[in-house]
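Structure record follows, encoded as structure tokens.
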Amino acid sequence: MAAVPISVPFGSPVPSRDGARSLARPADRPAAHPAERPQPIEFTGVFKGRELTRKDRRLASGLAPLDSLLNGGIARGRISEIVGPTSSGKTAIAAAFAAFATGRGEVAAWLDLPGAFDPLSVEAAGADLNRILWASFRRRSSRIRADYLSSDVFDSDAAESGRRYNFARRGAASLWSAALKAAEMILEAGGFGLVVLDFGAMRYPLAESKALRLARAAERSGAAVLALAERRMCGTFAALTLSLGRLGARFSRLAPGAPALFDGLALEARVTRNKLGVPGYRAELDALADPLCEIPSRNASARAPSRPISQREIR
Amino acid sequence: MGRIACLVVPDFSLAALVRANPSLAGAPLAISDSLAPHSELLTVSASARGFGVRPGMTLAQARSIVPNLVAMNRSLAAERSAIGALSDAAESLSPLVEPAGAGCVYLGLAGLGRLHGSEEEIAAELCRRVDRLGMEAAAGVAANKEIAHLAARCGGMRVIAPGREREFLDWLPLDVLGLDDGLETTLARWGLRRLGDLARLDSGALGSRLGRRGVELVRIARGEESSPLIPRRTAETFIEETELDYEIENLEALAFVMRPMVERLADRLSMRGFVAGAVTLTMGLAGRRSFIRRVALGAPSIDVRAILTLIALSLESSPPDSAIESIRIDAEPHHPRPAQADMFLPPSPAPERLETTLARLAALCGPENVGLLRAENSWFPEAVRLEKFDPPPPRPDNCPSAPPRPSNVARLVVRAIRPALEIEVLCARGRPESVRGPNLGGRVVSLAGPWRHSMPAVHPYDLQHAPQCAPAGRVNGNANEERHSMPAVHPYDLQHAPQCAPVCRVGDGAGFNRDYYELALADGGVYRVFRALDSGRWFVDGVYD
């Protein structure tokens with residue numbers, strides 16, 4: 001079955017598909033982005049508790065479709081999860097939140113379990129690295145590397161190497177413990193607007209007691225806690241779960257016969273859990289990739305081809 | 001010269017010991033030159049004196065009267081700390097301070113009335129401040145140093161009003177002068193009991209009998225000033241030291257001992273309006289060695305808990321190698337930074353709390369895993385460097401009143417794989433067809449590239465002698481395979497290789513050639529893959545997410 005070409009260029013809102021409810025319809029949504037509406041005077045740091053979850057006090061991402069979907073952004077003082085498979089845009093969305101927070105002068109923390117933080121691309125996404133505290137938990141000498149791709153290695157041979165599987169679980173638990181302890185330290189210190197917990201490809205959700213502690217620490221501090229993982233990690237203690245999916249990868253050529261260029265990904269975001277609103281809504285947005293090389297003719301207009309190019313045509 | 005106050009700490013040696021060991025307060029305590037049963041007691045506390053113990057008794061005699069008598073050696077370290085504390089209390093009230101031996105300090109009270117009220121209130125405030133620092137003091141206020149000293153030696157708080165000095169002095173007994181036994185006996189034999197009796201004598205006649213001491217006694221008894229107040233500004237040093245009765249070999253016990261010392265330092269600093277910028281630990285180790293460690297506080301503070309945490313973390317990372325016999329803590333005084341939070345700016349971490357948190361994170365994760373991670377200025381795309389995390393304070397010009405204009409397009413971020421993982425790539429007609437690797441594999445659905453990143457080899461000689469002469473790269477104009485060669489890399493980048501070295505290691509002066517691809521695999525992921533042209537091996541070093 002041929003791939004359905006996506007005939008909408010980059011940058012324009014994409015209507016919903018499959019009859020699913022979508023908030024990304026310009027005719028149904030207010031014209032003004034929540035961030036563009038006149039903002040009330042903010043007495044930051046004074047309001048706690050339920051005040052933090054108010055729509056006008058949320059942390060926005062700066063992406064219009066996403067902020068419309070989330071009713072202004074993620075709630076402060078709560079845990080929000082972004083889950084999705086490989087190349088679903090989780091890190092891009094987290095970087096967008098970090099960019100918005102640091103752009104406002106807030107300080108953010110990025111707890112990097114898999115050691116996958118790339119400062120070059122996060123800075124290109126608009127984040128101010130001077131305001132992002134990075135912490136990693138990689139153990140060079142440990143056999144258990146919380147790399148992005150390595151966690152399934154032990155599960156695939158679980159029957160034969162059960163001892164190794166148990167060691168994997170113990171190693172992962174120690175990494176989680178360190179990460180959660182670090183998160184609590186940062187939240188207790190106060191003053192952080194956003195704390196990103198990148199769990200990478202961890203396969204095991206947090207224990208309820210640990211998730212509860214994290215949720216309480218988040219509420220006390222008033223910071224927005226964002227958990228990135230391939231599956232839900234915080235259970236019932238997450239106020240929001242945003243599931244990301246990849247609709248397709250976009251490649252293009254500047255001219256016939258020219259090398260193909262990777263333009264980016266088309267993403268789908270669906271609210272699968274929302275304690276502060278209604279779940280089930282979805283939105284589509286695009287994530288642009290930075291080129292690996294400098295091509296003088298490569299500009300915004302050229303990046304959005306006038307004729308849709310299917311993935312099969314690239315080859 | 002205005003009125004003068006005198007602060008006297010009675011039994012100063014004992015008071016210094018009690019200050020260093022608050023648990024001894026109220027206990028029958030005595031100081032002797034040694035702890036042998038035949039040693040003589042030098043000083044005895046008030047509670048022991050109440051039981052009948054007197055200075056000059058042997059320790060065995062005293063213990064026969066008070067079995068639970070605590071005998072200790074004199075501690076010069078504790079006395080030095082107490083002298084510093086007494087000066088701090090005095091200087092916190094008046095800039096005109098003259099230290100006068102152990103346990104005594106004079107203050108000039110000129111101009112303090114508007115700040116602290118009457119002289120009685122000033123004397124009471126002085127005693128309160130000394131009490132905060134762990135000692136009990138008596139205060140006297142008079143027209144000159146001698147009368148103020150005598151008033152303080154009477155105990156409590158005593159203010160001698162102007163013109164009533166003779167009235168006060170006349171009734172004072174002679175033992176308030178602290179005369180030696182022989183002179184006191186001589187004066188008693190002559191029928192002299194009070195200072196008034198001395199004041200009525202002819203100074204020349206008494207001087208002919210007792211020498212210069214007799215003339216001085218008459219002058220004191222008459223309340224005549226012998227020397228003015230000479231203010232001596234002491235150096236702003238805040239030192240607490242203690243000698244341990246038993247050696248300490250573990251950090252928990254050390255923390256227990258250091259806590260009251262840091263608390264006393266914090267009290268002294270706050271009384272003088274300072275905060276600690278750094279603390280220097282000087283520990284006497286077994287074998288007459290010393291261990292010195294300076295712990296800088298990222299943000300000057302007098303938060304005891306924060307200071308102790310930083311000290312503990314510093315000592316945990318590299319503890320002393322022997323048991324500890326004595327401890328000395330020097331606090332560097334800094335003026336506190338005026339900081340006022342703005343209600344209209346986003347909150348930021350408090351500097352002292354941030355510093356403590358960073359130290360704790362470094363202890364948890366390792367110092368190489370905490371900080372500000374930034375891309376290195378290098379041709380290696382994976383090169384990063386770690387800097388100290390020190391966020392700039394939010395300022396109105398940093399924080400736009402209007403939020404940034406919303407966008408409909410996000411920026412894709414690369415999840416780095418450090419170090420790059422070697423994979424197997426099957427190619428057809430020079431183009432990748434399928435990929436297989438650790439937890440990665442599948443058919444290549446789409447690809448972009450190759451993009452060549454190369455750096456020619458630089459001879460080590462050129463690195464040292466002619467670093468600017470490294471050869472430049474070349475551009476291949478082949479239309480089918482667009483390649484873009486990077487220009488020569490400055491040798492600086494060779495030396496500052498990325499922390500997570502690439503699998504295709506670049507030695508000193510060695511070049512590298514990589515062809516980068518962006519591969520969309522059938523498993524849905526889009527990976528950044530490169531082929532090292534020198535070895536022909538394939539690696540994946542990033543995932544677009």
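For the numbers below, each heavy atom of this structure counts, side chains included, while hydrogens, waters and symmetry mates do not. A note on names: the letters A, B, ... follow the listed sequences, proteins ahead of strands, and every chain is numbered from 1.
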Grab the two heavy atoms, one from [X] and one from [Y], that are nearest each other, plus how far apart they are.
X	Y	result
V526(B)	L265(A)	CG2-CD2, 3.8 Å
C365(B)	S136(A)	CB-O, 3.4 Å
A448(B)	F262(A)	CB-N, 3.5 Å
N408(B)	P65(A)	OD1-CD, 3.5 Å
G264(A)	L412(B)	CA-CD2, 4.3 Å
V107(A)	P349(B)	CG2-CD, 3.7 Å

Could you pull out every donor-acceptor pair under 3.5 Å between side chains of residues 353-360 of chain B and any protein atom, sequence neighbours left out?
from, atom 1, to, atom 2, distance (Å)
R353(B), NH2, E188(A), O, 2.9
T356(B), OG1, E352(B), O, 2.9
T357(B), OG1, R353(B), O, 2.7

The test is side chain to side chain contact (heavy atoms under 4.5 Å, CB included); show your working for I186(A) and L361(B) and say whether it passes. CA-CA 9 Å; I186(A) 290 171; L361(B) 283 173; 4.0 Å; yes
Got a second to check how far [X]'s [atom1] is from [Y]'s [atom2], nearest 0.5 Å?
X	Y	atom1	atom2	result
R418(B)	F117(A)	CZ	CZ	9.0 Å
E518(B)	D263(A)	CD	CG	9.5 Å
N369(B)	L111(A)	CG	CG	11.5 Å

[X] side chain vs [Y] backbone, donor-acceptor pair below 3.5 Å:
X	Y	value
R374(B)	L129(A)	no
R411(B)	A92(A)	no
D545(B)	G89(A)	yes
D286(A)	A410(B)	no
D118(A)	A416(B)	no

For chain A, which of D390(B), D523(B), L372(B) has the most heavy-atom pairs under 4.5 Å? L372(B)
Which bit of [X] comes within less than 4.5 Å of chain B, counting heavy atoms only: side chain, backbone, both or neither?
X	result
A95(A)	side chain
I132(A)	backbone
D128(A)	neither
L267(A)	neither

Close side-chain approach of W451(B) to P259(A), heavy-atom, < 4.5 Å: yes
